[in-house]
Amino acid sequence: MICDICHKNKATIIYTEVINGEKTQRCFCDVCAAKMNREGQGKMNKSDVPMGSILSGILSSYMERYIESRTPNEHEEAVCPTCGMTFSSFMKERLLGCPDCYGTFSMVIERQLKAVQPGTSHVGKIPSNAHVFDPDKPGDFAAKPKKGPSSKGIGTKGSAKKRSSSVELLKLQLQDAVEKEDYMLAAKLRDKIKELENEKKDNKVVHGKK
Amino acid sequence: MKKKITKWYMERNDHDDVIVSSRVRLARNLTGYNFGRMLSDADAQKLVDKVRTFRKEIEGRENKPYYSCDVNKLTPAEKEVLLESHAISPDLYSKEQATGLILSEDESVSIMINGRDHIRIAAITVGGNMKKIATLANRVDDMIDSRFEYAYGEKYGYLTSSLADVGTGLKASYLLFLPAITISGKLAAIETEIARFGLMLKGVYGDGVKSPGYLHRVCNRKTIGLSESDIFESLELVVGQITDLEKKLRREWYERNRAEVEDKVFRSYGVLKYARTLELKDAMTLLAQIELGRFLGIIEPADLSFDIHRLMLEIQPAMLLCTNPGVDRELSIDSIRAAYIRKKLPKIITEKED
Ligand SMILES: [Zn+2]
Ligand SMILES: [Zn+2]
């Protein structure tokens with residue numbers, strides 16, 4: 001489906017309007033949707049639908065964020081702290097920069113692996129000095145007993161209480177959710193990011209007062 | 001080099017009518033270094049120097065000679081020979097950074113350093129003896145494992161620079177000679193069929209599915225979510241079925257078109273025996289035809305040690321120049337090839353002399 005406004009991009013938002021009992025369906029790409037939202041109803045031209053109130057709140061916030069994240073911006077982009085691989089160059093070249101990239105980009109890796117080869121957990125040989133990789137501590141390999149797999153490791157259920165790097169990860173998840181057009185999840189993630197970012201700010205204030 | 005060394009592709013003991021060779025490759029990376037894409041030149045050199053010290057150890061423990069070199073310091077011609085004989089990968093061939101190679105004397109085991117991954121262990125053999133080389137590659141892997149520390153995560157297994165290798169890091173493949181399947185147009189169906197097993201088909205000595213020597217590589221696509229033994233098992237199962245089908249189709253084809261097949265085989269022999277220039281593509285196809293004739297009992301080489309697949313390898317351009325160092329450089333590569341084939345092609349015993 002093509003966007004009703006630019007007639008160029010793929011439509012990602014489908015909006016059904018009921019006027020006088022008659023249903024009309026409108027489709028917008030995410031760029032146009034966010035633009036409309038920012039400009040508000042008044043600035044829309046000609047026959048465009050009244051959008052302002054409908055696409056407010058949730059949409060505007062994460063759409064803008066999403067668009068920002070797509071334009072090259074060093075400060076916004078997730079970067080592997082160990083090797084310096086950026087999210088965009090990973091996506092472009094499909095090559096990882098170092099073992100820690102598996103933690104940094106874990107959200108996307110999970111999804112890409114599912115596309116390339118389903119079944120995303122290793123079940124084969126284990127090296128003698130197997131080291132468990134912890135996504136929370138990039139660059140830090142915790143030694144593991146020689147005998148075999150321990151229960152601790154990347155992606156094991158319930159173990160992931162992420163801290164500072166988690167905002168970055170959530171942002172990746174958000175990007176992912178928008179790409180997948182899962183707007184419910186995107187909204188939740190956006191709230192979560194806001195929460196964490198506010199927490200950070202609050203902490204700074206407290207420390208400052210001391 | 002005076003001493004006669006038997007390379008892996010000269011072994012004839014394990015000869016098979018369909019399976020030309022079997023190969024195992026393990027992708028490994030070390031902790032403490034970035035992967036290839038983000039590896040600094042200084043670290044690349046450090047990595048190569050460090051891993052190259054392993055040559056002595058493997059030589060001692062395997063009790064046979066191993067060579068090692070800095071691949072990036074070789075001449076293009078030298079690199080090409082290594083590439084054609086499958087001792088190095090295209091990744092290693094084209095990289096300008098420090099790259100290294102540890103190679104057994106018979107070239108059956110190669111350890112590539114700083115290609116796409118820090119270390120790639122490859123073992124290859126003639127015929128379908130996958131078990132033999134899987135054991136060999138695993139042993140080499142254990143040796144390296146005890147010397148260096150591998151990058152490994154419990155969820156993703158062996159961590160590699162590409163997601164196409166992560167998990168076991170294992171690519172196991174059989175090189176198959178499939179003239180009847182190719183000619184009968186069943187290749188595409190097989191490709192779809194084996195995808196269900198997480199396997200894929202690749203043309204060799206050519207692009208995509210079109211391969212002039214009717215040579216195709218079957219290998220595992222999946223590297224994660226399956227254990228090594230699962231991968232070997234499904235590969236073996238599928239290759240067994242392909243082999244049976246190929247043999248059946250060859251015989252059926254011959255029964256239906258006796259005169260045509262015999263004509264094709266003898267013509268191919270005639271051209272190979274007397275042509276003055278031969279393009280690689282044509283030479284490969286013609287050799288494939290006479291191999292088919294040998295299988296069907298139409299012709300029999302007088303020299304039983306003659307191996308068509310070895311000849312196919314030897315007529316690749318860089319290999320040809322390397323094995324014929326004294327050749328007149330004014331000659332075109334196609335005439336050097338034709339001369340080489342004339343020299344190597346054995347006399348044949350025909351079944352019925354009429
Ligand atoms: Zn649009
Ligand atoms: Zn990294």
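What you are looking at is a predicted structure, and each value in this text was computed from that prediction instead of being measured. Residue numbering restarts at 1 for every chain, and letters A, B, ... go by the order of the sequence lines.
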Separation of [Y] [atom2] from [X] [atom1] (nearest 0.5 Å):
| X | Y | atom1 | atom2 | value |
| --- | --- | --- | --- | --- |
| B/Ser161 | A/Arg94 | OG | CZ | 14.0 Å |
| A/Cys98 | B/Asn34 | SG | CG | 5.0 Å |
| B/Tyr150 | A/Ser128 | OH | OG | 9.0 Å |
| B/Tyr33 | A/Cys83 | OH | SG | 16.0 Å |

Heavy-atom proximity to chain A below 4.5 Å, by part of [X]:
| X | answer |
| --- | --- |
| B/Ser40 | neither |
| B/Asp145 | both |
| B/Asp142 | both |

Whether over 12 other heavy atoms sit under 6.0 Å from [X] [atom1]:
| X | atom1 | value |
| --- | --- | --- |
| B/Lys64 | NZ | yes |
| B/Glu233 | CD | no |
| B/Glu236 | CD | no |

> Between the side chain of A/Tyr102 and the main-chain N/O of B/Lys155, is any donor-acceptor distance below 3.5 Å?
Replying inline: no
Side chain to side chain, [X] and [Y], heavy atoms closer than 4.5 Å:
| X | Y | result |
| --- | --- | --- |
| B/Arg37 | A/Ser89 | yes |
| A/His122 | B/Thr168 | yes |
| A/Lys125 | B/Tyr158 | yes |
| A/Ile126 | B/Tyr152 | yes |
| A/Leu96 | B/Thr160 | no |

>> If we define contacts as heavy-atom pairs under 4.5 Å, which of B/Gly198, B/Ser146, B/Ser227, B/Gly169 has the most with chain A?
In response: B/Ser227
